[in-house]
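Remember, it's 1-based here, ligands and their atoms both numbered in the order they're listed.
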Amino acid sequence: MPRLPVTASSPTTITVNAKELLAFGGCNYLGLAHHPDVLAAMREGLARFGISTTASRETTGNTTIHDDLERDLATFCRQESAILSAEGYTANIAAAQALTRDHGVALIDAKAHRSLRSAAAAAGMQIFDYEHLNPDSAAWLARQYADAGVAIFTDGVFAADGALAPLPGLLAALPKHRATLLVDDCHGFCVLGSRGSGTVEHFNLDDPRICITTTLAKGLGVYGGSVIGRRAFVNSVRDHADVYRRSTPPPTPIAMAARAAIATVSRDPALLASLRRNTDQLRQGLKDLGLSPHNAPIPIFTFALPEADAMQRVHQALLDEGVYAPFIEYPGGPTPRFFRLTVCASHTPAQVSTLVAALKRHLA
Ligand SMILES: Cc1ncc(COP(=O)(O)O)c(C=O)c1O
């Protein structure tokens, strides 16, 4: 599929071929990628630090901003400690490089994000898939391999079908010792839980076997990644994960922007409230159209029509009306190509109604 030639964007619009479209794509769930406080922090960071630290943290590339951001992330997630990585993808690699010291086996949800599989493979773990969202399937495998040290790898929220991982069941599937539940929360972070800290908060879990990884590029609207969890595990990432030790951290202005973004989410509950209002409105709209959206507070809705040509036609008809409803090709969706709609906190109810009305006209 051709890439989208975007020339400008706001939280709710993109400009393509000189036309501004009302957009329901991407993962800027709280609109923070364009928030004035976040942009101001980025500008201040540029003025104080320039762009890159030009070296890894453990040599000459550390700043107090990076240290402070790690503390903010741990506090926000109510975990003991956090460590930054260049992206969400490398956060998974960093976690796996630390885990592999005493976990020989990774049990991976069959529809997990590809980065989890790459991370386990790169770290040399033995990999077995369990059935998507099925703790019983994970438990059966965990019993077979308990002696090798077992880590379960799952997305918290699955980007391509909007499903919520059954974290309590997956924890119950794990052995008591030499066992870890790695939750890649790229799509739950800044979305789920009453404070917005993610899927672990949503389920109210506090278990030393949990380790969270996330991107800072989606809900937080910035860039970078992090491994968040128990101090001993985070220290092990710091000491043993080569992808952390031998690479440059996110640029300092970005780290300053991330701190401002976390402060904004923590101070302004209206952002999460708007996200949930828009999620509820789109869910209801899709139900009224005869689709079967999930019932979770997740702003990602995916669906497919029986014929790919019909989906392309609907997609184009909406574009002609100035509405961008992404029709994407991505692993793990209901079909190889499918619609993936997202709302964010910045959409107004009228904008969500515009989308639903346009879908109604063209899906009929
Ligand atoms: C579930 C999941 N994990 C990891 C990543 C990688 O994060 P990043 O883009 O920060 O590398 C993404 C998306 O990009 C994702 O959706």
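Ranking protein heavy atoms by distance to atom 3 (N) of ligand 1, first place goes to Asp184 OD2, 2.6 Å. Scanning all protein heavy atoms for the shortest distance to atom 6 (C) of ligand 1 gives Tyr89 N, 3.4 Å. Closest to atom 9 (O) of ligand 1 among all protein heavy atoms lies Thr215 OG1, 4.3 Å. Nearest protein neighbour of atom 14 (O) of ligand 1, counting heavy atoms only, is Lys218 NZ, 3.1 Å.
At a cut-off of 3.5 Å, with distance as the only test, a side-chain donor of Thr63 or His66 sits close to an acceptor on the other residue. Side chain to side chain, Asn92 and Ser115 meet the donor-acceptor criterion of an N or O pair below 3.5 Å.
Of all the atoms in ligand 1, the ones that sit under 4.0 Å from a non-hydrogen atom of Asp155 are 1 (C). Every atom of ligand 1 with a heavy atom of Glu87 under 4.0 Å away is listed here by number and element: 8 (P), 10 (O), 11 (O). Less than 4.0 angstrom separates some heavy atom of Gly88 from each of these atoms of ligand 1: 6 (C), 7 (O), 8 (P), 10 (O), 11 (O). The His187 neighbourhood of ligand 1 comprises atoms 1 (C), 15 (C), 16 (O), with distances under 4.0 Å to a heavy atom of that residue.
Between Phe158 and His132, the angle of the ring planes goes over 60°, which puts this pair in the perpendicular group of the 30/60° scheme.
Here Glu201 does not pair with Arg78 in a salt bridge; the nearest charged N to carboxylate O distance is not below 4.0 Å. At a threshold of 4.0 Å, the pair Asp207-Arg209 counts as salt-bridged, since one of the basic side-chain nitrogens sits closer than that to a carboxylate oxygen. In this structure, Arg245 does not pair ionically with Asp242, as no charged nitrogen and carboxylate oxygen lie closer than 4.0 Å. The existence of a salt bridge linking Arg267 and Asp37 is confirmed by a sub-4.0 Å separation between a basic side-chain nitrogen and an acidic carboxylate oxygen.
With a 4.0 Å heavy-atom cut-off, ligand 1 is reached by the side chain of His113 but not by its N, CA, C or O.
Considering both main-chain and side-chain atoms, Asn92 never comes within under 3.5 Å of ligand 1 through any nitrogen or oxygen pair.
Side-chain rings of Phe327 and Phe338 stay apart, their centers remaining 6.0 Å or farther from each other.
Residue contacts with ligand 1: Ser115 is included, with a non-hydrogen atom under 4.0 Å away.
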